[in-house]
Structure formats: structure tokens, C-alpha cells
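Quick notes on the structure that follows.
Since we're looking at a predicted model, the values are computed, not measured.
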Amino acid sequence: MSYIKKILEGAAVLPFVKIPFAVRPLSPEDNIRRDLADFGRMLHSQGFVAATDGNLSVRMDSNRVMVTPTGVSKGMMEPEDMVVVDMEGCKVSGCSNPSSEIAMHLTIYNMRPDVGAVVHAHPCTATAFASAGLALDQPLCSEIVITLGAVPLAPYATTGTHGLSESLAPYIPSHNAILMANHGVVTYGRDIRQAYLRMEAVEHYAKIVLAARQLGCARSLNDSQLEELFKARSRYNGNSH
């Protein structure tokens, strides 16, 4: 029965609902906000952070960085929660304060112009290595050599201080992931997706190293095998800097 026929016959009809002709497209800033919230939830769902641990950021342009707020669970963030700061760490916009570790993010951006995003988390196995004073630099797995390389261990420094940036600085130019002694892991890449995937790779590799050592026969790749892998790595444009 048609809508008009129902009216003529006195039948009850649904109220008129106005449907918008078009939905406003997301701006570049909207997309960054959404990505930070989405990847924050992924960190939390993977168990890489707990409570209000961790922080993520994206370079917006040469003068601004968007970062997650301090004191908020990464599994509960909304796009509007994000904070924008300048390259000195001063807040430009946002209702909350930026992560207390924003200085670490800015140090990485200043030292690595190719980096577009930074992720800091506390994945259990990798953080256990960091707390035991052990780097993840033994070449056991060919895939990790190609996609990530060695993961060095930076000396301990108090979180949220300038000393943390100083401890990381020697490793930032030549590595894309760093263990922080008695603290956690920081990874970075051309965008938030790559930075997050490198965090996954660090934790996955830490589990492999731990299992191999428990088996008592961890065998490193030899020099000729590594040379071939380094040649292969150079062909993967997205996995080297």
C-alpha cells in the first residue's frame, strides 16, 4: 500500500524524517583524531597498555603535533579528547593536558624529519626484557631483521623528564624502536599505522626470543645470512628509513 493511499484511508503512518543529502566529510585533523583513538584502543585491546599507561602522537605539520591526553585510558579515548601542541610542547588546543611524555615525542620528531607518528607503550614481554637490562638485538628471526632490525636498550631515565630524551637520543637516528630500561618501548614511523605495527613487532619478537632462550638453543643468523637479509631489506621502501 502506497504512502498516499494510507493517508487517504486514515491509516497510521510513520512521521516524516529529514535525511541529510550529504554527510560532512572528515577533515585531515578529524582523521588524525580518529586514528589516535582507534590505535589507542588497539594498544589497549592487545594488552600493550593498562590503566592510563602509554601515549601516541602524530605530526600534523612542521609546527604542530597532536598527542593523546594525560591520565586517560587509551582504550576509552574519543577523538575530541586529543590535544594539539607546538614543537616546544606548548598547548595550542584541547580541553585536557598533553601526555606528560610529550618531550620524548618531540625529541624524536626533531631528530627524525621522516617520522610522522610515535607510539609509547608497555607490552609485557618486551618491557620484561627492558626491566632485565636486555636489548632485543640478537638476530634470531629473518622477518624481524627485515622489518624492524635490532631493538637497543636505552639507559634508565625518569619518565616525563628531559633525561628520558637524553637517554634515547643516541639511538633515535639509526633505529625505529627502542627499549627503555625499567620502563617500556617507544616505536615510530612514517604514520601512526607503521608506528603501531612496529610496536606489535617488538612484542612479538620479544616472545620469540624468550621462548628460544627457554628452549636453551637460540641460534643467531650468521654474517652471510644477515648480509642477504640487509640487501632484501633495502628493497622494502616502507621498512627502512
Side-chain angles (χ1 to χ4, degrees), residues 36 39-40 43-44 46-59 65-74 82-83 85-91 96-138 144 148-189 192 194-196 198-203 205-207 209-210 241:
L36 285 170
F39 282 100
L43 283 178
H44 188 267
Q46 291 291 334
F48 294 170
V49 292
T52 60
D53 290 353
N55 33 80
L56 309 88
S57 70
V58 171
R59 191 200 300 262
V65 167
M66 187 178 292
V67 63
T68 52
T70 189
V72 177
S73 167
K74 303 307 164 293
M82 307 310 161
V83 184
V85 301
D86 62 22
M87 297 307 290
E88 283 71 49
C90 298
K91 185 165 73 171
S96 302
N97 289 323
S99 166
S100 61
E101 293 179 328
I102 184 60
M104 173 182 70
H105 292 243
L106 296 176
T107 297
I108 294 170
Y109 289 127
N110 285 322
M111 294 185 69
R112 289 283 298 273
D114 61 307
V115 167
V118 177
V119 173
H120 167 54
H122 306 152
C124 290
T125 314
T127 301
F129 273 85
S131 299
L134 299 171
L136 290 169
D137 54 3
Q138 185 178 1
I144 295 298
L148 194 61
V151 183
L153 175 68
Y156 177 77
T158 304
T159 180
T161 68
H162 182 65
L164 184 59
S165 292
E166 290 181 337
S167 73
L168 294 172
Y171 306 97
I172 291 171
S174 55
H175 297 87
N176 293 314
I178 306 171
L179 299 184
M180 296 179 283
N182 304 95
H183 187 170
V185 185
V186 63
T187 58
Y188 34 96
I192 190 66
Q194 187 177 59
Y196 169 81
R198 284 175 171 164
M199 183 65 69
E200 275 198 356
V202 170
E203 177 64 0
Y205 187 49
K207 291 178 180 178
V209 175
L210 177 61
H241 62 267

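- In this structure, the separation between CG on L106 and CE on M111 is 13.0 Å, given to the nearest 0.5 Å.
- The shortest distance between side-chain heavy atoms of L168 and T107 does not fall below 4.5 Å.
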Please assess I192 against L36 for the test side chain to side chain contact (heavy atoms under 4.5 Å, CB included), listing each intermediate value before the final yes or no. CA-CA 8 Å; I192 190 66; L36 285 170; 4.3 Å; yes
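- K74 places a side-chain N or O within 3.5 Å of a backbone atom of V72 that can act as its donor or acceptor partner.
- Rounding to the nearest 0.5 Å places CZ of R112 at 8.5 Å from CD1 of I172.
- Going from atom CG of N176 over to atom OH of Y171 covers 15.5 Å, rounded to the nearest 0.5 Å.
- The backbone N or O of A177 sits nowhere less than 3.5 Å from a side-chain atom of R198 that would complete a donor-acceptor pair.
- Counting all heavy atoms, side chain and backbone alike, P155 lies closest to A181 at C-CB, 4.0 Å.
- Using a distance-only test at 3.5 Å, with no hydrogens or angles considered, no donor-acceptor pair links the side chain of E101 to the main chain of T159.
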Could you walk me through whether M199 and F39 satisfy the side chain to side chain contact (heavy atoms under 4.5 Å, CB included) test, starting with their C-alpha distance in whole Å, then the side-chain angles of each, then the deciding distance to 0.1 Å, before giving a yes or no? CA-CA 11 Å; M199 183 65 69; F39 282 100; over 6 Å; no
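- You'll find the side chain of N97 stays beyond 4.5 Å of the side chain of V83, heavy atoms only.
- Taken to the nearest 0.5 Å, the NZ atom of K207 stands 12.0 Å off from the CZ atom of F129.
- Of all heavy-atom pairs spanning I108 and V186, the tightest one is CD1-CG2, 3.8 Å.
- Under a 3.5 Å cut-off, the side chain of T68 and the backbone N or O of L56 do form a donor-acceptor pair.
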Applying side chain to side chain contact (heavy atoms under 4.5 Å, CB included) to M180 and S167, what does each step give before you reach the verdict? CA-CA 9 Å; M180 296 179 283; S167 73; 5.9 Å; no
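- Here the shortest heavy-atom pairing between F48 and A121 reads O-CB, 3.6 Å.
- For the ring pair (Phe, Tyr, Trp, His ring centres under 6.0 Å) test, residues two or more places apart in sequence or in another chain that qualify with H122 are H120, H183.
- Using modelled atom types, one side-chain atom of Y188 and one backbone atom of H175 make a donor-acceptor pair closer than 3.5 Å.
- A 4.5 Å side-chain heavy-atom check between M82 and V58 finds every atom pair outside the cut-off.
- Of all heavy-atom pairs spanning A126 and V185, the tightest one is CB-CG2, 3.7 Å.
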Apply the test side chain to side chain contact (heavy atoms under 4.5 Å, CB included) to residues V202 and L179: give CA-CA distance (whole Å), side-chain angles for both, the deciding distance (0.1 Å), then the verdict. CA-CA 9 Å; V202 170; L179 299 184; 4.3 Å; yes
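- Closest heavy-atom contact between V49 and G54: CG1-CA, 3.9 Å.
- Rounded to the nearest 0.5 angstrom, L210 CG and C124 SG are separated by 12.0 Å.
- The nearest pair of heavy atoms linking K91 to P98 is CD-CD, 4.5 Å.
- The side-chain heavy atoms of H105 and V65, taken from C-beta on, include no pair separated by under 4.5 Å.
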